Number of protein chains: 2
Amino acid sequence: MSNECLCKSISPPEMQKIKADSPSEAANIRLAEFFKVFGDSTRLKILYFLSHHELCVADLSTLVGMQQSAVSHQLKTLKLHRLVKYRKEGVTVYYSLDDTHIESIFAIAREHLMEQ
Amino acid sequence: MSNECLCKSISPPEMQKIKADSPSEAANIRLAEFFKVFGDSTRLKILYFLSHHELCVADLSTLVGMQQSAVSHQLKTLKLHRLVKYRKEGVTVYYSLDDTHIESIFAIAREHLMEQ
DNA sequence: CCTATATATGAATATGTGTTCACATAATGA
DNA sequence: TCATTATGTGAACACATATTCATATATAGG
């Protein structure tokens, strides 16, 4: 006969407690969304270049080696997640980083990748 | 007539220098892959639960509220990126965290999300 | 050996997402 | 006002990926 409870590693009450204390579905999804932004090489390139210089869309487009439209779309995403800010000057739009955490996140990620 | 050079924010030589110093395509893609792993709420849940307890697949499946097969697939991904390790005991497999950077990455991400 | 149990895996499907194309919008100068 | 330039945006497409279903593998006990 099969056991009524699937718990093997921990006791049912312990399991309930852990589940009860876990982050809300909403918080969890927000966190995933946040990481997802960094999970694209084009966006990482944009962030890298912006970490060196304030840049207009055309220059970013040249540096990243991708169409201006693609860069615009990605900048929209980065803007939405408050990772970049912009400044308009006539018809030109200058973008720059808008987050102090970005550098530390990168540092840790690089460290992790070094170890392998 | 249109300018031969698109550079607006910085000078062409400066631009070339920045581009030359930028990370390799391969390194950039590796970094994106790394972040991508965290960009899924199911994987985040698994990591969260494992950060509290070593757990077998069945228990993880119950905690996460997803089919055993789905959890197995995600564990494979996490294993591949060296974020979890496992230990076999008979027919049961116990998973646990395999990375000290995970906690710090989470801390920074949460901090970032708090600010908004 | 045969059965039962825990986990892994391949195929199929549905959904998400990045890029391109074409075009819209906005601002400048003639 | 018209043309030009920089940027933004919607639709379409191609591709990636998460989940499910069915089934395979592996281990332990009878």
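Naming: A, B, ... by sequence-line order, numbering from 1 per chain. These numbers come from a predicted model, not from an experiment.
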Review point. Over how many whole Å does the gap from A:Leu60 atom CG to D:dT7 atom C1' extend?
Key: 12 Å
Exercise for review: Between A:Thr42 and A:Lys88, name the one whose nearest nucleotide on DNA chain C is closer to the 5' end.
Suggested key: A:Thr42
Review point. In whole angstrom, what separates B:Glu89's CD from D:dT27's C1'?
Key: 13 Å
Point to revise | From C:dT19, D:dG8, C:dA26, nucleotide with atom closest to A:Val91 side chain | key: C:dA26
**Study point:** Presence of donor-acceptor pair under 3.5 Å, side chain of B:Gln68 and base of C:dA8
**Key:** yes
Point to revise | d(CG, B:Leu75; P, C:dA6) in whole Å | key: 16 Å
Exercise for review: Can you tell me the distance, in whole Å, between the CZ atom of B:Phe38 and the P atom of D:dA18?
Suggested key: 14 Å
Practice item. Look at all strands and tell whether A:Tyr95 reaches a base, only sugar-phosphate, or nothing, counting heavy atoms closer than 4.0 Å. Key: sugar-phosphate
Point to revise | OP1 or OP2 of D:dT19 under 4.0 Å from side-chain N/O of B:Gln74 | key: yes
Review point. Do any side-chain nitrogens or oxygens of B:Ser69 fall under 4.0 Å of OP1 or OP2 in C:dA8?
Key: no
Check your understanding: With no angle test and no hydrogens, is the base of D:dT7 tied to the side chain of A:His73 by a donor-acceptor pair under 3.5 Å?
Key -> no
**Study point:** A:Lys76, nearest nucleotide to its side chain (from D:dA18, D:dT9, D:dG8)
**Key:** D:dT9
Check your understanding: Do the side-chain N or O atoms of A:Gln67 get closer than 4.0 angstrom to the phosphate oxygens (OP1, OP2) of C:dC21?
Key -> yes
Check your understanding: Is a side-chain N or O of A:Ser61 found less than 3.5 angstrom from the main chain of A:Met66, in a donor-acceptor match?
Key -> yes
Review point. Does a side chain donor of either B:His53 or A:Glu14 reach within less than 3.5 Å of an acceptor in the other side chain?
Key: yes
Review point. How are the rings of A:Phe38 and A:Phe34 set to each other: parallel, tilted or perpendicular (split at 30° and 60°)?
Key: perpendicular
Point to revise | Protein-nucleotide distance (B:Met66, atom CE; C:dA8, atom C1'), rounded to Å | key: 18 Å
Review point. Among D:dT19, C:dA8, D:dT7, which nucleotide sits nearest the side chain of A:Val93?
Key: D:dT7
**Study point:** Heavy-atom pair of closest approach, residues B:Asp98 and B:Lys85
**Key:** CB-N, 3.6 Å
Study note, to complete from the structure: Of the listed D:dT19, C:dT7, C:dT19, the closest approach to the B:Ala58 side chain comes from C:dT7
Revision key, fill the gap. Against the side chain of B:Ala70, the closest entry in D:dT20, C:dT7, C:dT20 is D:dT20
Practice item. Please determine if a side-chain N or O atom of A:Lys36 lies less than 4.0 Å away from the OP1 or OP2 oxygen of C:dG16. Key: no
Exercise for review: For B:Thr92, report the nucleic acid contact type (base, sugar-phosphate, nothing); a contact means any heavy atom under 4.0 Å.
Suggested key: sugar-phosphate
Review point. Closest approach of B:Tyr94 and A:Ser9, non-hydrogen atoms and distance?
Key: CE2-CB, 3.8 Å
Exercise for review: Report the distance from atom CD1 of A:Ile29 to atom C1' of C:dT15, rounded to the nearest whole Å.
Suggested key: 15 Å
